[in-house]
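A quick write-up on the structure given underneath.
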Amino acid sequence: MSRYSANEIEAKWQEAWDKAGIFVANHKADKPKYYVLEMFPYPSGRIHMGHVRNYTMGDVIARHKLATGHNVLHPMGWDAFGMPAENAAMASGGHPKDWTYSNIADMRGQMKPLGLSIDWSREFATCDPEYYGQQQALFLDMLEAGLVYRKNAVVNWDPVDMTVLANEQVENGRGWRSGALVERRELTQWFFKISDYSEELLSALDTLDNWPAKVRLMQENWIGKSRGLQFGFERTDGEEPITVYTTRPDTLMGASFVGISPDHPIAKQLEAESPEVAEFVAECRKGGTTEEAIETAEKLGYDTGIKVKHPLDPNWELPVWIANFILMDYGTGAIFACPAHDQRDLDFCRKYDLPVIDTFFALEDDTPVDKIAFVPPKTEKVRWVNHFAGLTEATGDEAINATVDFAEKAGWGEGVTKYRLRDWGLSRQRYWGCPIPVVHCDTCGTVPEKKENLPIQLPYDNGDGNPIDFSIPGNPLDRHPNWRDCACPACGAPAKRETDTMDTFVDSSWYFARFTAPRAETPTDLAEAEYWMNVDQYIGGIEHAILHLLYSRFFARAMNVTGNLPKKAIEPFDALFTQGMVTHEIYQTRDKNDRPVYHLPEEVTDGKLADGTEVEIIPSAKMSKSKKNVVDPVSIISAFGADTARWFVLSDSPPERDVEWTASGAEAAFKHLSRVHRIASEIVDSDIPANAEDKILLREMHKAIHDVSGGVESFGFNASIAKLYAFTNTLAKSKAGTDAKRQAAKTLAQLMSPMTPHLSEELWQMLGGEGLVATAPWPVADEAMLVDDTVTLPIQVNGKRRAEISVAKDLPKDEVEKLALSTEAVQRALDGATPKKVIVVPGRIVNVVV
RNA sequence: GCGGGCGUGAUGGAAUGGUAGACAUAUCAGACUUAAAAUCUGAAGGGCGUAUGCCCGUGUGGGUUCGAGUCCCACCGCCCGCACCA
């Protein structure tokens, strides 16, 4: 009898798969194609358990599809541009390119032992010039199609490091490295016109039936379609009216002031004229650019002294304030405030002592607004105070529509549909990204680079053999001695290259299309894209629910318009699955100042440190190096094997939810796999004649085929594994003959093969299976074997279970009823009473109502 | 602030509106062993009871239903996202 030795068999079978070339995707037309893709990783240098879970899920799907006769494309690549490489270069020297490629080599080396069914021949990294050169070609196509433009936009600016900061680099309003107070500053930036597609991206969400409803809702809210009224407030000084946009025009009688953004043209004009305004606006620009930072910052206002006339009452004058919570990017950058029915406006008015006017009340409560604004759902009926369009009782929605109609008829306003979705700013003032292929020429202006000059490559050094110094703040491309110098593609005169590089979201917005023809001389090969697109199953983290997925949907449309993708691919992901994280307990103690001190899992036994100190345990926390609750897949694989890691990350929780990594759970998974191996080898060594138990075992086998397959097809991997445990227990206890047990064990090996491919190959071979289990046809359940002849029915009296009966599965309802009523326990519960009603749900339950 | 999600034994979780707790972990008991490990068998939501059983129980409070973990309303708690992290 042989023992289960994961390390030996895993290497052996990986070699066998490689040799057979079974995971190399070829464009063969005789089988249905299936494209399964997991979001590609950032090459940090180490894989983590989240990767193991993500890629194992995709692998289960890919292997199951392979076994069910599909032509499977399952590729892998690297999302390789981005700030960590530059941060590493800044912190510890070296070059982002070297750092990245060495990380990729390390990670590939850690991933291969997982035994994933990946077609490695298609691998690429987004920082390969062959990839980003094609991305530059796409950019030029989009520029030509009018989908790219330049405008000013606000960024986080670190005045000490003289650099743009990412939101995550702003901590409590200060730069993470310099500690300087961050300012909002305007720069000229490149933008994709994603807003051209607002309506299209919104309405097409309805076609994405196989996406989680949650993700569609998040995108819907992100696009943020709203209907409102746009109109001008006339200024008393005769200057141009101030145009405002409001989604609550019905509350116009409650207006207490007109507010403009600190970035509004009027504010800018005043800023130039008045030092006092300049000071105020500068104050507003302190703090981060995130919506959260702006919304939660203390309300600040400045009375400009400008007055406007209320559109409904020429004698009513409203002041114009600059307010820090008004976004220039949304609507017109100007609003009217109705403090009674908007909490932000109310906070502002209370602070600056501006009037608060109730415009409607709840039907049965006319308490004036004090500290809490009255904001009922727009579907709720309210009672209006002196409404200008003549409303008395109406819902918010009705009032808004009536008001828009009223304003349009009267001619002072216009109903307008707006979207919250802003254009996608793709400029990054950084080195390690795809260079934007345009040239600035003194005579011709901004000129696209010629396609034959692509790729515009990043310079590795300073051109004179001296390395680029990444330790100085700012963009190395800007200060490079000669990289910027070039000839204008239009007139040939000396010109300067654009030094902004692209947002890394651009890289990941089309990689799925590139995988269909990764070595093509154009961004895509239309014939290959036509065959392989769309991605049949896309798998990744919920954190990408909005940006990455929305940008990809936009890119697919843009690529279609520019002839780089077929029409069928404008929604590139047919089905989406968002998996949960892998979490782990945090072990912490406290230092003298009561600050937490974290401990590695291996330092803790039975809730105590080696010196006996009690450890505080925080359950289910996201794995993070700083909290020391990280489990390294590499050490798990060397201790137990990849199959154990794969089995465990799928077993304990539903895939969309977080799974808690526990040492005992991993060990138990290993024990179970060893047990399956032992059971199989005992069967091989046995010689039991066929007997009456055979049919019972085979019946259970068909039920297992049915349940496990169902779980795999519906992302119920944990349910499949629970069934595999149960079936293994059945097999271990069965007294059936050797032939039946061998058949059951072979089926068990097949059913396990998507999760534990190496062990399954080993078992398959031991049990005399033909060829590789990976390519053996997936077993099919015999429907006739799934139904038992008798069923057990629980009997309830008034909804409480009192007894159960065992009946033939097709026994008529009235017979079932008779049987149920005659049961002793039911008679006792009835206690002589006559049932009012008996509900018989065939095959399910009987309920006797008294 | 806005938006989204989740609350079931000691723990992870299962349950087309139909026997709540499948499957697993941890725990306990037994078998094997000189002993331990490994393995095998079994117990187990809480309470009462020798027991057939009975009562209570899915965050809290209401509601719909013959029947609610599941549907509806309100509340409480926790987690996540918010446009330059990937």
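In what follows, chains carry the letters A, B, and so on, assigned in the order in which the sequence lines appear, proteins first and then strands, with residues in each chain numbered from 1.
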Using a cutoff of under 3.5 Å, can you pull out all pairs of nitrogen or oxygen atoms linking the protein to nucleotides 51-59 of chain B, with atom names and distances?
from: rC54(B); atom 1: OP1; to: R802(A); atom 2: NH1; distance (Å): 3.1
from: rC55(B); atom 1: OP2; to: R802(A); atom 2: NH1; distance (Å): 3.4
from: rC56(B); atom 1: OP2; to: K800(A); atom 2: NZ; distance (Å): 3.4

Point to revise | Length of the line joining L793(A):CG and rU19(B):P, which is rounded to integer Å | key: 11 Å

Review point. At under 4.0 Å between heavy atoms, what does W222(A) touch on the DNA or RNA strands: base, sugar-phosphate, or nothing?
Key: base

Check your understanding: For the side chain of Q429(A) and the base of rC84(B), is some donor closer than 3.5 Å to an acceptor across the two?
Key -> yes

Exercise for review: Using a 4.0 Å heavy-atom cut-off across all strands, classify H544(A) as base, sugar-phosphate, or nothing.
Suggested key: base

Check your understanding: Does a distance-only test, which skips hydrogens and angles, find a donor-acceptor pair under 3.5 Å between the side chain of E656(A) and the base of rC6(B)?
Key -> no

Exercise for review: Taking only the side-chain heavy atoms of I845(A) (C-beta and beyond), determine which of rU19(B), rC23(B), rA14(B) contains the nearest atom.
Suggested key: rU19(B)

Check your understanding: N718(A) side chain N/O closer than 4.0 Å to the phosphate oxygens (OP1, OP2) of rA14(B)?
Key -> yes

Point to revise | Near-ring test Y551(A)/W510(A), centroid separation under 6.0 angstrom | key: no

**Study point:** Contact under 4.0 Å: N847(A) side-chain N or O vs rU65(B) OP1/OP2
**Key:** no

Practice item. Using a heavy-atom cut-off of under 4.0 Å over every strand shown, decide if T662(A) touches base, sugar-phosphate, or nothing. Key: nothing

Study note, to complete from the structure: Rounded to whole Å, CD1 of I326(A) lies from P of rG1(B) at a distance of 19 Å

Check your understanding: Do the non-hydrogen side-chain atoms of R675(A) and T728(A) ever get within less than 4.5 Å of each other?
Key -> yes

Revision key, fill the gap. In this structure, CD1 of I542(A) is separated from OG1 of T578(A) (nearest 0.5 Å) by 4.0 Å

Check your understanding: At under 4.0 Å, does any side-chain N or O of R344(A) touch on OP1 or OP2 of rG1(B)?
Key -> no

Exercise for review: Check the angle between the aromatic planes of H544(A) and H548(A) and answer parallel, tilted or perpendicular using the 30° and 60° thresholds.
Suggested key: perpendicular

**Study point:** Euclidean distance, atom CD1 of residue I721(A) to atom P of rU25(B) [Å, nearest integer]
**Key:** 13 Å

Review point. Do R420(A) and I223(A) come close enough that some side-chain heavy atom pair is under 4.5 Å?
Key: no

Check your understanding: Would you call T126(A) and T504(A) a side-chain contact if the rule is heavy atoms closer than 4.5 Å?
Key -> no

Practice item. Give the stems involving RNA chain B, where a stem is 3 or more consecutive Watson-Crick or G-U wobble pairs (i with j, i+1 with j-1, and so on) under 3.5 Å. Key: B:1-7 with B:76-82, B:10-12 with B:23-25, B:27-31 with B:39-43, B:45-48 with B:53-56, B:59-63 with B:71-75

Check your understanding: Hey, what's the ring geometry for F640(A) with F670(A), parallel, tilted or perpendicular (30° and 60° as the breaks)?
Key -> tilted

Point to revise | Pairwise P distance for rC72(B) and rC23(B), with rounding to whole Å | key: 31 Å

**Study point:** Reported OG-to-OH distance for the pair S681(A) and Y4(A), which is rounded to 0.5 angstrom
**Key:** 13.5 Å

Check your understanding: Base, sugar-phosphate, or nothing for N729(A), non-hydrogen atoms under 4.0 angstrom?
Key -> sugar-phosphate

Check your understanding: Can you tell me how far the OG atom of S651(A) sits from the CZ atom of F717(A), to the nearest 0.5 Å?
Key -> 13.0 Å

Check your understanding: NA contact type, P654(A), heavy-atom cut-off 4.0 Å: base, sugar-phosphate, or nothing?
Key -> sugar-phosphate

Check your understanding: Quick one: do D503(A) and R428(A) make a salt bridge, cutoff under 4.0 Å?
Key -> yes

Review point. Are side-chain heavy atoms of T662(A) and F648(A) found at a separation under 4.5 Å?
Key: yes

Revision key, fill the gap. Taking for T792(A) and for G82(A) the nucleotide of RNA chain B with the nearest heavy atom, the one nearer the 5' end belongs to T792(A)

Check your understanding: When all nucleic acid strands are considered with a 4.0 Å heavy-atom cut-off, which category describes F505(A): base, sugar-phosphate, or nothing?
Key -> base

Review point. Is the F40(A)-W78(A) ring centre distance short of 6.0 angstrom?
Key: no

Check your understanding: Hey, does the side-chain of R430(A) have a donor or acceptor N/O within less than 3.5 Å of a partner on the base of rC84(B)?
Key -> yes

Point to revise | Rounded interatomic separation in angstrom, taking CD from Q219(A) and P from rA83(B) | key: 16 Å

Review point. Using a cut-off of less than 4.0 Å, is there contact between a side-chain N or O of S653(A) and OP1 or OP2 of rG12(B)?
Key: no

Point to revise | Position toward the 5' end of RNA chain B (nearest nucleotide), R420(A) or K671(A) | key: K671(A)

Check your understanding: In whole Å, what separates the P atom of rU25(B) from that of rA38(B)?
Key -> 13 Å

Exercise for review: Report, as yes or no, whether the 6.0 Å neighbourhood of atom NZ on K735(A) holds more than 12 heavy atoms from other residues, nucleotides or ligands.
Suggested key: no

**Study point:** Candidate nucleotides rA22(B), rA24(B), rA86(B), ranked by approach to the side chain of M83(A) - the nearest
**Key:** rA86(B)

Practice item. Whole angstrom is fine here: how far is it from CG in D507(A) over to C1' in rC85(B)? Key: 14 Å

Check your understanding: How long is the line joining CG of L673(A) and C1' of rC23(B), in whole Å?
Key -> 15 Å

Practice item. Report which part of the nucleic acid E220(A) touches: base, sugar-phosphate, or nothing (heavy-atom distance under 4.0 Å, all strands). Key: nothing

Review point. Can you check whether F577(A) and Y538(A) have ring centres sitting under 6.0 Å from each other?
Key: no

**Study point:** Anti versus syn assignment for rG9(B), with syn defined as within 90° of 0
**Key:** syn

Practice item. Could you check how far CE of M107(A) sits from P of rA86(B), rounded to whole Å? Key: 15 Å

Check your understanding: Once you round it to whole Å, what is the distance between P of rA86(B) and OH of Y511(A)?
Key -> 15 Å

Exercise for review: Have a look at L217(A) and say if it touches a base, only the backbone sugar-phosphate, or nothing, with a 4.0 Å heavy-atom cut-off.
Suggested key: sugar-phosphate

What are the atom names and distances for every N/O pair under 3.5 Å that joins the protein to nucleotides 40-44 of chain B?
from: rC40(B); atom 1: OP1; to: R675(A); atom 2: NE; distance (Å): 2.8

Review point. At under 4.0 Å between heavy atoms, what does S508(A) touch on the DNA or RNA strands: base, sugar-phosphate, or nothing?
Key: nothing

